Amino acid sequence: MTQLRNSSLTQSLTLFTTISDLKQTHSQIITSGLTNNIFITTRLLAFLAISPLGDLPYAKTLFDNVKHDHTLFMYNTMIRGFSQSDQPLCSIEFYLRMRRNGVLPDNYTFPFVFKACSSETHVGFGRQLHSSVVKFGLVYDVFVMNNVIGMYSSCGCLSDAKRVFEEGGGIGVIDVVSWTTLVTGYANSGEVEVARELFDEMPCRNVVSWNAMIAGYARCYNTIGEARELFEGMPERNAASWSTMISGYSHCGMYNEAFDLFVEMVRVGLVPNESALVSTVSACAQLRELEKGVWLHSYVDEQKFEINVALGTGFLDMYGKCGNIGKALSVFNEMPVKNVMSWNQMIAGLALSGFGRQALALFGKMQMMGPPPNNVTFIVLLSGCSHSGLLKEGWSIYEKMTGTYHIKPQSEHYGIMVDLLARAGLLKEALDFVEKMPVKPHPGLWGAIVGACRIHGDIELGERLGKQLIELEPHHSGRYLSLSNILAAAERWDDAAMVRNLFKERKVSKTPGNSMVGTGDTGDNWQLTSDSTTRAEHEYL
DNA sequence: GTAGGGTTAG
C-alpha cells in the first residue's frame, strides 16, 4: 500500500488537472487513512466545488461523508460552488444547514449566498440575509454590500438597491463596482436613461463600467447607436467591450454590423472570446450566408480555438439554416459535449430541411443517450412533423410530451398541432382540438384552419369560421383576405368581391392610428367609414 | 495555512 505523506499529497492536490486524477488521489487519501485531515479534505472540496473541472455532486458526497465537524471554510466553499451552478438553491440550503449547526457566517459567506438569491422568487430570503448582514456588522464590507446591491438589482427591486447604495455612500463603503452594479441594475430593468445619468455621475469609471453602459444600450434596437458611440469614445476596450457590441448587433437583428465588427476585431489583432464567436456565428446563421459562416469556421480551426457546446451548437445551427445539413451533422457528431440545445438545434435543422423522419430518428437517439428533452425539443419536433406531413407521428409526439414527459403545452405547441391537423385535411379534428384547448386560442389558430379549408375545399366550414374571425378581429386585413379567398375558390365571385370591398371601405389595411398620420383623417372619420358599410354587407356578415 | 466583486454567449 502506498503510504503518502501529508506534504506530498497537498502538493499533488494542486497539480491534478482532471477529475479522474483527483478521484485517484482521493482513493489514495482514503487508503492512507488521511480522511480525518481537515486541510486535505478542504482542498479536495474546493477543487471539486469551484474548479471548472470540478464535480459538484461529488463535492456534496465528500462533504456529507467527512468524519469531523464542517468548518466555516467548507461551508463557504459549498455555498460558492452552488451559487454559480444551475441549482443555486443548494447554496441557500448549505447556508441554512450551516446556521442550524451553529457555524457563524463571515464576509466570504454572504457574497455567494446573495448571488444564489438573485432571482425574483428568492428576494424574500435575500431581504432576510440583508438583515443578517446588519446583525453581523458587515455593512462596512464593500464586497458584501455590493452583493446586496446586486441581489436587489437583479430581483428588480431598484429602489432597495438604490437605498443600499446611498446608505453605503453615506458611510464611505462604495466603490466603482457598486456604481457599475447599480448602472447594470437600471439598464437591465429597462431604465437605461437612469442608468446613463448614474454613469455620467460616476466619480471614476473603468472598462467594466463602460461595458456595462454599452450593454444597457445595446440591448435595444432604438439605443444601439448610443452603444456604438460609447464604444467608439471609450478610453480603452477589452475583449468584453467588443463582444458586448457584437452580441448587441446580433441581438437587434443587425447581423451585417455584427459580422463586420467581428472582422474588425480580428483585423486589429485582438483575440475574440467565446461570446464574440458565438454571437458572430449566430449572425451568420440569421444572414443565411454560408460563405461567412464557413470563413468563421475555418478561422476558428486555424486559430485552434476549442469549440465548446455553445459554439458548436451555433455552427450546426448555421450550417442547418444555410442548407448544408451534412456539415451540420458532422459538427454535431464531432461535438464531445452536447446539451439539450445542441440536440434541439440538430433536430430543428433536420426538420426544417425536410428530413422529418431523420429528425424523429434523432429524437429517438436523444431519448436513449441524450439529455432529457424540454419544451423546445417538442416545438421543433412537432413543427418538423407538420412540415413533412407526418400526422400520426406528430400525434404520438404530442402524447409523449404530455404523457411521458409531463410538459405542459404552450401556445406554440397548440399552434403547430392545429397546423398539423388542418394541413392533413382533418379540419373537424383541428376545430375540435382548438375548442378543447384549456387556454384561450389565439385568433391565428382559426386562421390556420380557414386557410386549410380553402386548400381542402371545405367551403361551408371555411366560410363560417372566416366570418367569425372577421368579427373577432375586424381590423386585421388578413382575415378579410382569407374569407374572400374561400369564396373565390367556390367561384362565388360576388360574395368574394363584397368582402374585399368591405375590407377596403373599412380601411383595415391601415391601423386607425397610422391612417391619421399624414392623411388628415381623424379617428372619428375612420369610425364613420367603418359604419358606412352597406346593409347588404352587414347582412352578409 | 487556504478565498471574493461589477460587463459579453445559444
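First the proteins, then the strands, lettered A, B, ... as listed; each starts at 1. The structure displayed is predicted, hence computed values, not measured ones.
As judged by a 4.0 angstrom heavy-atom cut-off over every strand, A/T184 is placed among residues touching the sugar-phosphate backbone only. Residue A/N147 is classed as having no contact, given no heavy-atom separation below 4.0 Å to the nucleic acid. Residue contacts for A/S342: at a heavy-atom cut-off of 4.0 Å it reaches no nucleic acid atom on any strand shown. Using a 4.0 Å heavy-atom criterion, one finds that A/N107 contacts the bases of the nucleic acid, with or without backbone contacts as well. Within the nucleic acid shown, A/N188 has no heavy atom closer than 4.0 Å to any nucleic acid atom.
Rounded to whole Å, the distance from CE on A/M78 to P on B/dT2 is 21 Å. A straight line from CG of A/L45 to C1' of B/dA3 spans 14 Å, rounded to a whole angstrom. Summarising the geometry, the separation between OH on A/Y152 and P on B/dG5 is reported as 21 Å, rounded to the nearest angstrom. Atom pair A/R219:CZ and B/dA9:P shows a separation of 8 Å (rounding to whole Å applied).
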Assess whether ring pair (Phe, Tyr, Trp, His ring centres under 6.0 Å) is satisfied between A/H130 and A/Y152, documenting all intermediate values. CA-CA 10 Å; A/H130 184 191; A/Y152 282 128; 5.5 Å; yes
Working note: A/Y75 + A/F63, criterion ring pair (Phe, Tyr, Trp, His ring centres under 6.0 Å); need CA distance, chi angles, decisive distance, verdict. CA-CA 9 Å; A/Y75 278 112; A/F63 185 95; 5.3 Å; yes
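Near DNA chain B, meaning a heavy atom under 4.0 Å from it, residues 233-257 of chain A has A/A240, A/S243, A/T244, A/S247 in order of number. Near DNA chain B, defined here as any heavy-atom distance below 4.0 Å, the residues from residues 155-179 of chain A are A/D175, A/V176, A/V177, listed numerically. Proximity of residues 122-137 of chain A to DNA chain B (heavy atom under 4.0 angstrom from any strand atom) is not detected for any residue.
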List the atom pairs, donor and acceptor, that lie under 3.5 Å between side-chain atoms in residues 319-332 of chain A and the rest of the protein, sequence neighbours left out.
from, atom 1, to, atom 2, distance (Å)
A/Y319, OH, A/H297, ND1, 2.7
A/K321, NZ, A/D317, OD1, 2.6
A/K321, NZ, A/D317, OD2, 3.4
A/N324, OD1, A/K327, N, 3.2
A/S330, OG, A/K327, O, 3.0

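Residues forming a ring pair (Phe, Tyr, Trp, His ring centres under 6.0 Å) with A/Y95 (at least two apart in sequence, or on another chain): none. With sequence neighbours excluded, the residues forming a side chain to side chain contact (heavy atoms under 4.5 Å, CB included) with A/Y255 are A/S250, A/A283, A/Q286, A/L287, listed by chain and number.
Under the 3.5 Å distance criterion, with hydrogens and angles disregarded, no donor-acceptor pair is assigned to the side chains of A/S91 and A/S83. Side chains of A/K292 and A/N256: a donor on one and an acceptor on the other come within 3.5 Å.
The aromatic ring of A/Y108 sits over the base of B/dA3, with ring centres less than 5.5 Å apart and planes tilted by under 30°. We find that the ring of A/F73 and the base of B/dA3 do not stack by the test of centres under 5.5 angstrom and planes tilted less than 30°.
Cation-pi geometry between A/R205 and A/F199 is met: under 6.0 angstrom from the ring centre, within 45 degrees of the axis.
Regarding contacts with the backbone of B/dA3, every side-chain N or O of A/R80 stays at 4.0 angstrom or more from both OP1 and OP2.
Between the OG atom of A/S243 and the CG atom of A/N211 there is a distance of 8.0 Å, given to the nearest 0.5 Å.
No donor-acceptor pair under 3.5 Å is formed between the side chain of A/S189 and the backbone N or O of A/E191.
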